[in-house]
Amino acid sequence: MVQKQQLPITSEDYQRRLLMDRSVPGRTGVSLPALDVPEQPLPGTGMLRDDLELPEVSEGEVVRYFTNISQLNFSIDTNFYPLGSCTMKYNPRVNEATASLPGLAQLHPRQSPEQAQGALELLHGLQEYLKEVTGMQGCGLVPLAGAHGELSGILMMRAYHMANGGSHRRKMLIPDTAHGTNPASAAMGGFDVVAIPSDADGNMDMEALRREATDDLAGVMFTQPTTLGLFDTHVVEMCRIIHEAGGLVYGDGANMNAILGRVKLADLGFDVVHLNLHKTFSTPHGGGGPGAGPVCVNERLLPFLPEPVISVEKSSDGNRYVFSRPTQSIGRLGGFFGSFGVLVRAYTYITLLGGQGMLDISGNAVLNANYLKEQLRGYFDLPYDRICMHEVVFSAKLHSGVKALDVAKRLLDFGFHAPTMYFPLVVDEALMIEPTETESKETMDAFAEALRRIDDEAANDPDFLHAAPHSTPVSRLDEAKAARQPYLRWRPD
Amino acid sequence: MPNPADRKYSKEHEWVLMESDGSARIGITDFAQTELGDVVYVQLPKVGDSVTQFSQIGEVESVKAVSELFCPIGGEVTEVNDAVVKKPELVNTEPYAEGWLIKVKVSNASELDTLLDAEAYGKLTGEG
Amino acid sequence: MLQAIGVGSVDDLFQDIPAEFRNPELNMPAPLSEMEVLQELQRLSERNLYPGRYTSFLGAGVYRHFTPSVVSALVSRGEYLTSYTPYQAEASQGTLQSTFEFQTMSSQIMGMEVANAGMYDGATSLAEAALMACRVTQRGRVAIVDTVAPNYAEVVRTYAEPQGIEVYTVSSSVRELEPDTACLLVQSPNFFGHLEDVGGLTDVAHNHGALMCTSADPVAMSMFKSPGAYGVDIATAEGQALGVPPSFGGPYVGIFTCKQEFFRQMPGRIAGRTTDTQGRTGYVLTLQTREQHIRRERATSNICTSTALIGLMATIYVACMGKQGLRRVAELCYHKAHYAAGQIAEIPGYSLPMEDTFFQEFVVRCPRPPAEINAALQDRGIIGGLDISDLTPNGMLVCVTEVNSRREIDSLVSALKEIG
């Protein structure tokens, strides 16, 4: 009996079929020019390859496939996306227009600085803006993401201690509320991590901090506002304790959106801060990058910035911008000068908004978060009931065993992306909501209403929540299976 | 699932069962596997490795957590449960039976005295 | 809204900031309209001399290739552009499935068993490969061949040395490695454009119990034998050549692939295939226990990004090109570069000092300092090759790809004749 091959006939099956399963020998999605020079002798076949399998599909098929699967995503352009700590604000399209200008997008990184004066002027301008926002003395634009900014900050702290007789300073203090990148970055810099607990108000526990401020202290990595969405009121005292013990204060700028123009971290005592341009300065997240994580430093760390930095030579016939290597630089962190395309977008955004815009961002971001907090008061626990900054952290202790996970998944059915869940680790069943400044009152009202309905469903029909989401392209996925039997690429089978 | 009374327990949530040949069979407790959730990967020492009591000898991973595995008793590893390496979910379904992890030839049986019995371990994990 | 919160003004919301530091002076310009912003950025853009306005023969790690129009059309869709890392898998199947495609494409091109979702760029991929080799072998030294791009070698040092890992340089004819060496790092085609003896060097590494880690140009890999075919353990590449604009050095995407046996030591994100509660196929981020948000200071890396959008760009580029198209691009580059090399070698005073097989890039020894020659070329509307006189006497690294027409090549040759 001949077994008929089962064809995928439902539209979902068809839409999601992988490229290799769409491949038909001989098809291509591109037309290339004919060779216009005489053919040259090829090297011996021993060096050549004939085993490369790649999909063979038409241009139309490529467009339909990637358009169809794109529609399986939630995004800022299509949904409210209150993912705490990620600052999912609207990404102005003018950013995309400027980043694709041919003099910027086609500029080659190996060109001489003389041929790239426009690009260097832009980079220098961005350095100045970021210095102003943080109150710092120097800025390095090289880091390619937030975690990369952390690594450069950590390496600068290490280099500073090495240069100042502090090679025994290996202890890095990190609050228990910190992002996981902080301890991971500290470890990559060769430091030993010591976690510091939070106190009842959500501030850093100062007693624990004092105990750990010993002779082997390298410094502290601190997020201000904290991941609890709170401005840590002990911050000035904390910086004093760290400095008196000979340590340095690292600022994780992940939550900068809350305090733009309201306070400069350098004034509070921070020595180094990284900024996430993909959060605070509206460059698109792209489904997981690219980002950019410039580092700003005070005078002590100026000589250690990653290379290169852009400096200006003023003369009678105008400014000349040059790359320079800080005297005790920690070295190169990436192939070239950073995520230039991302830096162009951030520069565009800052130019568009100006100084007043910085205040409007933080003002509206904090206003929106506090408004949402009040709309949801009484429905979810507020472990730290204070005025919050740009985000609010609830504890989703609900009826009938409904968990933060269930609430998050059910929100997807209402067309809202879920908040960050189960973070920070110090809050049970955490739901961390960051509306950002670009959302309207009407959107937030609708979101709050959805959460209130979910609270109602938790009381009346918990099983319905356990099984959510119900309207997304797929229901809950088996993560255990994915990890037990890793299937990480297409295979012929 | 009740903690069997035929074995000893560590505060780090491992159990030890002494076999008739004098070797010790080791696994993690029902409490530990519940806390971890779906176990997806176990990393174990090799046969022949010598281990000391309470030293780290491997890791048990679930989808969203990693737990260090401490050896509740010192000695030499004589057997590794291949079944659990291939099917880590055995740790969830049968933590006290097919989900055992390693066997150790005990070097100092008095180390057993430092461990908890089932009742004391139950109290530690909030039972009863 | 203020009423609902119970405060009188927005300023009241910032009362936790110590008063003496609150509302500092902010020395920044006034806002501009979108039209003015565009004009200002256009001014900056036009201050640059850029390929397109000028003929260019620059490569050295960043290559200009023709990119089909569908690439930018698709990656600028808001669903890709403005979504976050796919933490909620049910709401991120587009990103996750395209990441799975990227992993497939990466492993196919490199001839390797598994790939991750992408790293920052080619240089950091190679650095992370070195760190991973140290974890796998539990050894503490890294050997790097001296033909690896200098900027890559510097990044490897920046990453490795703070962790107490010693990096030392060897030549590509190395036969013995130092004790405690975790890996040998090789680039092929190397910085000078030439193919290395990857097979021979892999034997050297393996005979020593070290891993072999390589960096490659993915376009060259459609024509030349893949790292996988030579038994390489960790194979990385700069993904920029796959349809990503030069954009003055970034953002790019690092390709990171390895043998199956090492995948639990990989850094970065990984998408995996699974099923939902109704048995339908879907994709999730998997093996996350390697990562920083779970393992914190014991993670395989601190990296969170996979530069997903750039990975998507590369994936769509490769999908358009397909098996034949990508090979065709490589062959066009090869023939044009060899034609150009032949023509330049015939100009009196110019020679090709290296004899090994090259792909699309080669070293020219000039009769005088390349800086002078490049200045004269710029007057003729040509951006010349990279001045590498610090590495080889009067050396210029010239790159020719399919975007350089014969007319452009011939005008470079006649310009060099004139300049002498």
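In what follows, every chain begins at residue 1, and chains take the letters A, B, ... in the order their sequences are listed.
- Shown here are the side chain to side chain donor-acceptor pair (under 3.5 Å) partners of C:Glu402, two or more places apart in sequence or in another chain: C:His65.
- Checking side-chain atoms of A:Arg110 against main-chain N and O of C:Ala60 turns up a donor-acceptor pair under 3.5 Å.
- Judged purely by distance below 3.5 Å, without hydrogens or angles, the side chains of A:Asn73 and C:Thr95 pair a donor atom with an acceptor atom.
- Counting only N and O atoms by type, the side chains of A:Tyr81 and C:Gln88 include no donor and acceptor under 3.5 Å apart.
- Although no hydrogens or angles enter the test, the distance criterion places a donor-acceptor pair under 3.5 Å between the side chain of C:Ser45 and the main chain of A:Gly103.
- With respect to A:Asp36 and C:Lys336, a salt bridge is recorded, a charged nitrogen being found less than 4.0 Å from a carboxylate O.
- Residues A:Leu18 and C:Thr104 are not in side-chain contact: their nearest non-hydrogen atoms beyond the backbone lie 4.5 Å or more apart.
- Interface summary for chain C: among A:Pro486, A:Ser70, A:Gly355, the most heavy-atom pairs under 4.5 angstrom belong to A:Ser70.
- Residue contact with chain A, scored on non-hydrogen atoms closer than 4.5 Å, involves the backbone of C:Ala30 exclusively.
- Contact annotation: the side chain of C:Ser301 approaches that of A:Met188 to within less than 4.5 Å [non-hydrogen atoms, C-beta and beyond].
- When the shell of 6.0 Å around CD of A:Glu39 is examined, it contains 12 or fewer heavy atoms from other residues, nucleotides or ligands.
- For chain A, the nearby parts of C:Glu34 are the backbone and the side chain; heavy atoms of each come within less than 4.5 Å.
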Salt bridge (charged side-chain N to carboxylate O under 4.0 Å, His left out) assessment of A:Arg476 paired with C:Glu90: CA-CA 7 Å; A:Arg476 282 192 207 187; C:Glu90 300 87 346; 5.2 Å; no
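- A:His108 places a side-chain N or O within 3.5 Å of a backbone atom of C:Val62 that can act as its donor or acceptor partner.
- In this structure, C:Tyr283 OH and A:Tyr487 OH are separated by 8.0 Å, a value rounded to the nearest 0.5 Å.
- With C:Gln103 contributing its side chain and A:Leu488 its backbone, the two residues share a donor-acceptor pair below 3.5 Å.
- The nearest pair of heavy atoms linking C:Met28 to A:Glu132 is CG-CG, 3.8 Å.
- No part of C:Ser56 comes within reach of chain A, as not one of its non-hydrogen atoms sits under 4.5 angstrom from that chain.
- Formation of a donor-acceptor pair under 3.5 Å by the C:Asn302 side chain with backbone atoms of A:Ala184 is not found in this model.
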